[in-house]
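Okay, structure first, notes after.
Throughout, a chain's letter reflects where its sequence line sits, starting with A, and its residues are numbered from 1.
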Protein chains: 2
Amino acid sequence: MKLDEAKNKYIQTWGSLATSWGINKTMAQVHALLLISTKPLSAEDIMETLQISRGNVNMNVRALIDWGIVQKELVIGERKEFFVANKDMWELFKQITKERKKREIEPVLKILADLQIVEETTDEATAFKKVLNDLSKVTTTVNGILDKAIKADEHWLLSNFTKMVKK
Amino acid sequence: MKLDEAKNKYIQTWGSLATSWGINKTMAQVHALLLISTKPLSAEDIMETLQISRGNVNMNVRALIDWGIVQKELVIGERKEFFVANKDMWELFKQITKERKKREIEPVLKILADLQIVEETTDEATAFKKVLNDLSKVTTTVNGILDKAIKADEHWLLSNFTKMVKK
DNA sequence: TTTTATTTTCAATAATTATTGAAAGTTTAG
DNA sequence: CTAAACTTTCAATAATTATTGAAAATAAAA
């Protein structure tokens with residue numbers, strides 16, 4: 001396979017996978033592009049490569065910065081902004097985990113806690129509260145595990161995990 | 001808060017959270033409803049409670065069955081089908097993890113492997129292949145960790161994790 | 001300051017995804 | 001077998017989400 005063909009396929013595939021996990025396609029493509037770029041890219045570079053509008057580039061680059069996985073970079077002698085993606089994949093994984101935890105898990109815990117204040121003591125109410133409580137417990141456990149994973153080092157984590165589970 | 005109000009809020013909230021993670025709103029609401037139901041529900045029950053069409057109920061119940069988190073249940077003397085959700089939340093977590101692994105992680109590994117076959121040996125090609133390779137490594141590690149988590153028991157997993165990381 | 005380059009916003013529109021509902025398909029009862 | 005009960009499918013449509021592009025805002029240069 002030719003390099004350009006492979007790069008293209010990689011960017012397209014990343015975009016369509018993202019779509020199936022509820023992530024904006026363009027956002028994923030911009031990130032994919034920055035990940036394999038050997039130099040910082042400007043908005044124009046991205047517009048041209050991905051064939052998308054300026055507004056779209058702007059919105060999605062901001063979103064990536066917001067996720068903490070892309071940074072602005074100044075190029076001396078240039079007035080416009082350039083962007084780079086952090087190439088450390090373990091850091092990338094940790095950052096995404098941290099954000100998803102904040103965006104997906106923590107809101108669930110908050111809502112579940114808010115709902116626990118049902119006064120009734122009928123069987124039905126008790127069953128409902130049990131579901132909420134069980135959901136809270138599992139969610140809290142998972143949240144705790146992810147917290148640990150975020151703080152851990154890749155090799156250490158994996159080797160410990162392997163040891164742990166080898167029976 | 002009144003029970004019905006709390007149930008309603010819970011179902012609505014579950015639906016809107018799901019939306020933000022790329023899961024169909026109705027699918028999440030149907031699951032939420034089944035989780036807190038003390039008895040099996042028919043398509044009519046679901047249609048009526050969530051105010052949605054028969055076709056919509058059918059599609060989303062099938063999807064939940066496909067995810068392995070809802071089952072058909074026969075009620076004696078009744079001709080129509082009833083549905084129940086598995087109430088064991090740790091099992092639910094494991095099942096969802098297993099499915100997301102299959103749907104989100106494994107396709108990534110497949111694609112990354114397919115792209116590695118770039119022939120060029122320029123610096124650019126080498127950098128590209130390094131990104132793919134690093135992505136594969138992290139993805140494989142995470143995949144392995146999730147495999148272990150799926151097989152583990154809740155309390156055992158959490159206590160080991162806590163021990164592991166307590167320094 | 002004014003001019004020019006650049007970024008941001010956002011209403012309009014396009015593209016995608018979800019939902020309806022009625023027809024077709026299936027299964028069970030009589 | 002036929003009729004009735006029930007489930008599934010899917011084209012039409014509604015609802016949602018993403019994208020464009022030009023105007024407004026901002027920042028740097030002259």
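Remark: the A:N60 side chain and the A:N56 side chain contain an N/O donor-acceptor pair separated by less than 3.5 Å. B:S42 and B:D45 are linked by a side-chain donor-acceptor pair at a separation below 3.5 angstrom, with hydrogens and angles left out of the test.
Counting non-hydrogen atoms under 4.0 angstrom, A:R54 reaches a base of the nucleic acid. At a threshold of 4.0 angstrom between heavy atoms, the contacts of B:N24 are confined to the sugar-phosphate backbone, with no base atom among them.
In the interface, the side chain of B:R79 is paired with the base of C:dT28 through a donor and an acceptor atom under 3.5 Å apart.
When distances are taken from the side chain of B:T19 to each of C:dT20, D:dT8, D:dT17, the shortest belongs to D:dT17. When distances are taken from the side chain of B:N58 to each of C:dT20, D:dT7, C:dA29, the shortest belongs to D:dT7. For B:K80, taking side-chain heavy atoms from C-beta onward, the closest of the listed nucleotides C:dT7, D:dT19, D:dC6 is D:dC6.
When the C1' atom of D:dA27 is taken as reference, atom CD of A:E81 falls 10 Å away, rounded to whole Å. Distance, A:K25 NZ to C:dA15 P: 10 Å, rounded to whole Å. At whole-Å resolution of the value, CG in B:N56 and C1' in D:dC10 are 13 Å apart. Atom-to-atom, CD of B:E78 to C1' of D:dA5 comes out at 12 Å; the value is rounded to the nearest Å. For the pair B:N60 CG and C:dT17 P, the interatomic distance rounds to 15 Å; values are reported in whole Å. Between A:M27 atom CE and D:dT17 atom C1' there is a gap of 15 Å when expressed in whole angstrom units. The separation between B:I52 atom CD1 and D:dT13 atom P is 21 Å, rounded to whole Å. Per the geometry, CE belonging to A:M59 stands 11 Å off C1' belonging to D:dT17, to the nearest Å.
Inter-residue side-chain proximity for A:V57 and A:V30 is flagged as unmet; no heavy-atom pair is nearer than 4.5 Å. Between B:R103 and B:W67 there is a side-chain heavy-atom pair separated by less than 4.5 Å. Side-chain contact between A:F128 and A:T122 is absent, with no heavy-atom pair separated by less than 4.5 Å.
Checking B:G22 against A:G55, the closest nucleotide of DNA chain C that is more toward the 5' end is the one next to A:G55.
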